[in-house]
Asks: 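I have a structure I would like to understand better, so I am pasting it below and will then ask my questions one at a time.
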Amino acid sequence: MANYLFPGANGSLPTQPPPCVDNLPNCRDFEDSACTSPNFRPWAEENCRRHCRLCSSSQLASVDAKTTRATTLPPYLCKDKVDCTLYGRDACSVVKYGTWGQENCALYCGICQGIATPPPLCVDKNPNCAMYQSDLCSSPSFQSFVDGNCRKFCNKC
């Protein structure tokens, strides 16, 4: 007779952990004690699970991998491409929507956090910007050149 091991004490299958997301948009604004105090633990688990790192180890590994990759984006460029509030916190779920939230709701999902850095100065590094072809500022082909050389002339700041 084979021995069967049951995952739960009563033979039930384990449940999935709750999603590793913050249900409040301002979790970063609370003091550390909101995450560490036993008095606030239920509140933190319900409202700021991701920020307080109250997720499973596999969820945290996934969050850390995304955050590490995302922090290469300077914070001043961390913007949402759409009105992410229309989609709710589910938009941030990689499990449900893949990388859609990372790509379209970086600010809302909090994936490019880091030390705030000021935007670059609004100057033209190249004094000849007005002498280039007429679509310099509007053509996607020149976007990289404009960002590095003609930001002021092309009204990119």
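Fair warning: this is a prediction, and the values are worked out from it, not measured in the lab.
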Asks: Please list, chain by chain and in numerical order, all residues satisfying ring pair (Phe, Tyr, Trp, His ring centres under 6.0 Å) with Phe30, sequence neighbours excluded.
Replies: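 Testing Phe30 for ring pair (Phe, Tyr, Trp, His ring centres under 6.0 Å), a comparison that skips the adjacent residues, returns Trp43.
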Asks: Any side-chain donor-acceptor pair under 3.5 Å between Asn126 and Tyr132?
Replies: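 Yes, side-chain donor-acceptor contact under 3.5 Å.
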Asks: Is it true that a side-chain atom of Asp80 and a backbone atom of Ala106 form a donor plus acceptor pair closer than 3.5 Å?
Replies: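 Indeed, once roles are kept as given, a pair shorter than 3.5 Å links the two residues.
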Asks: Would you please name every residue forming a ring pair (Phe, Tyr, Trp, His ring centres under 6.0 Å) with Phe40, sequence neighbours left out?
Replies: none
Asks: Is it the case that one hydrophobic cluster holds both Phe145 and Met131, taking links as side-chain heavy atoms less than 4.5 Å apart, direct or via other members?
Replies: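 Not linked; separate clusters.
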Asks: Applying salt bridge (charged side-chain N to carboxylate O under 4.0 Å, His left out), can you list everything that pairs with Glu45, at least two apart in sequence or on another chain?
Replies: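 Checked Glu45 against salt bridge (charged side-chain N to carboxylate O under 4.0 Å, His left out); matches are Arg41.
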Asks: So, do Lys152 and Asp124 sit near enough that their side-chain heavy atoms are less than 4.5 Å apart?
Replies: yes
Asks: For Thr36, enumerate each residue passing the side chain to side chain contact (heavy atoms under 4.5 Å, CB included) test, keeping only those at least two apart in sequence or located in another chain.
Replies: Ser33
Asks: Please report the closest heavy-atom contact between Cys52 and Ala44, naming both atoms and the distance.
Replies: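 Closest pair (atom of Cys52, atom of Ala44, distance): SG-CB, 4.0 Å.
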Asks: Would you sort out whether Arg53 and Cys35 count as a side-chain contact (heavy atoms from CB on, under 4.5 Å), showing the intermediate values?
Replies: CA-CA 8 Å; Arg53 300 188 60 82; Cys35 297; over 6 Å; no
Asks: Can you give me the closest heavy-atom contact between Cys20 and Arg49, atom names plus distance?
Replies: CA-CD, 4.1 Å
Asks: For residues 136-143, run the donor-acceptor check on the side chains, cut-off 3.5 Å, and write out each pair with its distance to 0.1 Å, sequence neighbours left out.
Replies:
{"from": "Ser139", "atom 1": "OG", "to": "Ser141", "atom 2": "N", "distance (Å)": "3.2"}
{"from": "Gln143", "atom 1": "NE2", "to": "Asp147", "atom 2": "OD1", "distance (Å)": "3.2"}
{"from": "Gln143", "atom 1": "NE2", "to": "Asp147", "atom 2": "OD2", "distance (Å)": "3.1"}

Asks: If you count every heavy atom of other residues, nucleotides or ligands that lies below 6.0 Å from Gln133 atom CD, does the total exceed 12?
Replies: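 More than 12 heavy atoms, drawn from other residues, nucleotides or ligands, come within 6.0 Å of this atom.
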Asks: Could you go through Cys154 and Cys129, starting from their C-alpha distance and side-chain angles, then the distance that decides it, and tell me whether this counts as disulfide bond (SG atoms under 2.5 Å apart)?
Replies: CA-CA 8 Å; Cys154 291; Cys129 295; over 6 Å; no
Asks: Please check this pair: side chain of Arg151 against backbone of Val123, looking for a donor-acceptor N/O pair closer than 3.5 Å.
Replies: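 No, the answer is negative, given that no donor and acceptor are paired below the 3.5 Å cut-off.
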Asks: Using the disulfide bond (SG atoms under 2.5 Å apart) rule, take Cys84 and Cys105 through it: C-alpha gap first, then chi angles, then the decisive distance, then the call.
Replies: CA-CA 6 Å; Cys84 299; Cys105 299; 2.0 Å; yes
Asks: So do Val146 and Lys156 actually touch side chain to side chain, heavy atoms under 4.5 Å?
Replies: yes
Asks: For the atom pair CG (Leu54) and CG (Asn47), what is the distance rounded to the nearest 0.5 Å?
Replies: 11.0 Å
Asks: Considering residues at least two apart in sequence or located in another chain, which fulfil the side chain to side chain contact (heavy atoms under 4.5 Å, CB included) criterion with Asn23?
Replies: Val21, Glu46, Arg89
Asks: Can you give me the closest heavy-atom contact between Gly88 and Tyr108, atom names plus distance?
Replies: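 Of all heavy-atom pairs spanning Gly88 and Tyr108, the closest is C-OH, 3.4 Å.
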Asks: Is there a donor-acceptor pair closer than 3.5 Å between any side-chain N or O of Asn104 and the backbone N or O of Lys81?
Replies: no
